[in-house]
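So the structure is just underneath, and the comments pick up after that.
What you see below is based on every heavy atom in this structure, not just the backbone, and it leaves out hydrogens, waters and symmetry mates. Only a predicted model underlies this, so the values are computations on that prediction, with no experimental measurement involved.
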Amino acid sequence: MPKIVDRDRYRKELLNKCFELFAEKGYSSVTMREIGSGIGVSTGTLYHYFPSKESLFEQLIEYLSYEDTKEEALAELGNPPTLAERIEKMMEYICKKEDYILKDLLITFDFCQHKTRKEIENNQALQQAGKRYEEAVCCYLGISDPAIARFIICYADGLVVRRFYQGERISIAEQSIVLKEMLLAYLEKK
């Protein structure tokens, strides 16, 4: 009897393994053959699910942004009654997921390093992932201005990157307080 494979589930398993491999080796430094070997599948299997390394990366970005922003992931943050408490919970979540966020950023930087600004702006996977994260921030914080969501995402990404090379000198707890006070003051004026 032939083996029945849940193709979507298997594709997600491959993507999860690729995330760790890209985080360890870098996007640009590995070939599809090395990816297959690194995650324990044949190159043919990889090409069956992903027509190219770029397609694999784009599907990875789409998958991660979907997983990070779905209701179950957001439920992990809880539903505190005030905006101040939701900001605190969001920053606690960033602290908890710091290593994962850093890996995601480094992989994305590596991918984008060899692209023109126009190619990056036209990359549907990157743009859609950005919109998903913005919508998730707006939804969780109960705000309607996507510019504020983009500011928060830029702030969080910058915080994680800065901690990458400055270490504990940069405190997420301290920056959480600054972000909360800035946002509350800004929103109070509006």
Side-chain angles (χ1 to χ4, degrees), residues 16 19-20 22-23 26-27 57-58 60-190:
N16 280 321
F19 175 78
E20 290 302 325
F22 283 151
Y27 168 82
F57 170 80
E58 289 171 341
L60 175 64
I61 291 301
E62 289 172 1
Y63 168 69
L64 294 176
S65 69
Y66 174 75
E67 289 296 309
D68 292 344
T69 60
K70 66 184 185 180
E71 277 187 40
E72 296 85 18
L74 296 177
E76 190 177 326
L77 296 170
N79 192 19
T82 68
L83 176 60
E85 291 170 310
R86 288 191 301 274
I87 294 168
E88 289 170 5
K89 286 290 186 189
M90 184 181 61
M91 293 302 287
E92 287 171 13
Y93 182 80
I94 289 167
C95 184
K96 180 178 159 188
K97 297 284 219 170
E98 180 179 6
D99 186 56
Y100 166 81
I101 294 167
L102 180 62
K103 288 176 180 178
D104 189 16
L105 288 168
L106 291 172
I107 293 166
T108 304
F109 291 157
D110 190 20
F111 174 80
C112 291
Q113 180 179 1
H114 305 286
K115 304 283 183 202
T116 65
R117 169 57 53 202
K118 189 88 168 153
E119 289 172 319
I120 295 166
E121 289 172 359
N122 290 331
N123 186 291
Q124 292 299 309
L126 291 172
Q127 299 311 314
Q128 187 60 39
K131 286 180 184 175
R132 268 196 196 107
Y133 287 118
E134 291 166 19
E135 290 167 0
V137 169
C138 284
C139 180
Y140 181 69
L141 295 180
I143 57 176
S144 59
D145 188 348
I148 295 173
R150 285 189 289 275
F151 168 78
I152 293 168
I153 293 166
C154 290
Y155 188 88
D157 286 351
L159 178 60
V160 169
V161 169
R162 184 104 176 153
R163 280 178 53 83
F164 177 58
Y165 62 88
Q166 292 282 301
E168 296 299 317
R169 184 173 139 350
I170 309 298
S171 164
I172 290 180
E174 176 185 76
Q175 292 303 305
S176 175
I177 293 167
V178 172
L179 176 64
K180 179 176 67 176
E181 290 176 2
M182 284 175 25
L183 283 174
L184 293 175
Y186 176 78
L187 292 169
E188 193 174 282
K189 282 184 170 184
K190 280 192 119 183

I'd like to know if [X] pairs up with [Y] as an ion pair, taking the criterion as any Lys NZ or Arg NE/NH1/NH2 lying under 4.0 Å from an Asp or Glu carboxylate oxygen.
X: E20; Y: K103; result: yes
X: E76; Y: K96; result: yes
X: E121; Y: K118; result: no

Angle between ring planes, Y100 versus F19, binned at 30° and 60°: parallel, tilted or perpendicular?
tilted
I'd like to know if the side chain of [X] reaches the main chain of [Y], judged simply by a donor and an acceptor atom lying under 3.5 Å from each other, with no hydrogens or angles considered.
X: E119; Y: T116; value: yes
X: R163; Y: I170; value: yes
X: E181; Y: V178; value: no

Tell me, do [X] and [Y] make a side-chain contact under 4.5 Å, heavy atoms counted?
X: R86; Y: L83; answer: yes
X: Q113; Y: D110; answer: yes
X: F111; Y: L106; answer: no
X: I148; Y: L187; answer: yes
X: R150; Y: Y133; answer: no
X: E135; Y: T69; answer: no
X: Y27; Y: T108; answer: no
X: L141; Y: I152; answer: yes

Kindly determine whether N79 and Y140 satisfy side-chain hydrogen bond (donor to acceptor under 3.5 Å, both in side chains), including the steps that lead there.
CA-CA 8 Å; N79 192 19; Y140 181 69; over 6 Å; no
Checking V160 against Y155 for the side chain to side chain contact (heavy atoms under 4.5 Å, CB included) test, could you report, in this order, the C-alpha distance in whole Å, the side-chain angles of both residues, the deciding distance, and whether it holds?
CA-CA 9 Å; V160 169; Y155 188 88; over 6 Å; no
Residues that I120 engages under side chain to side chain contact (heavy atoms under 4.5 Å, CB included), provided they are two or more places apart:
C112, K115, R117, L126
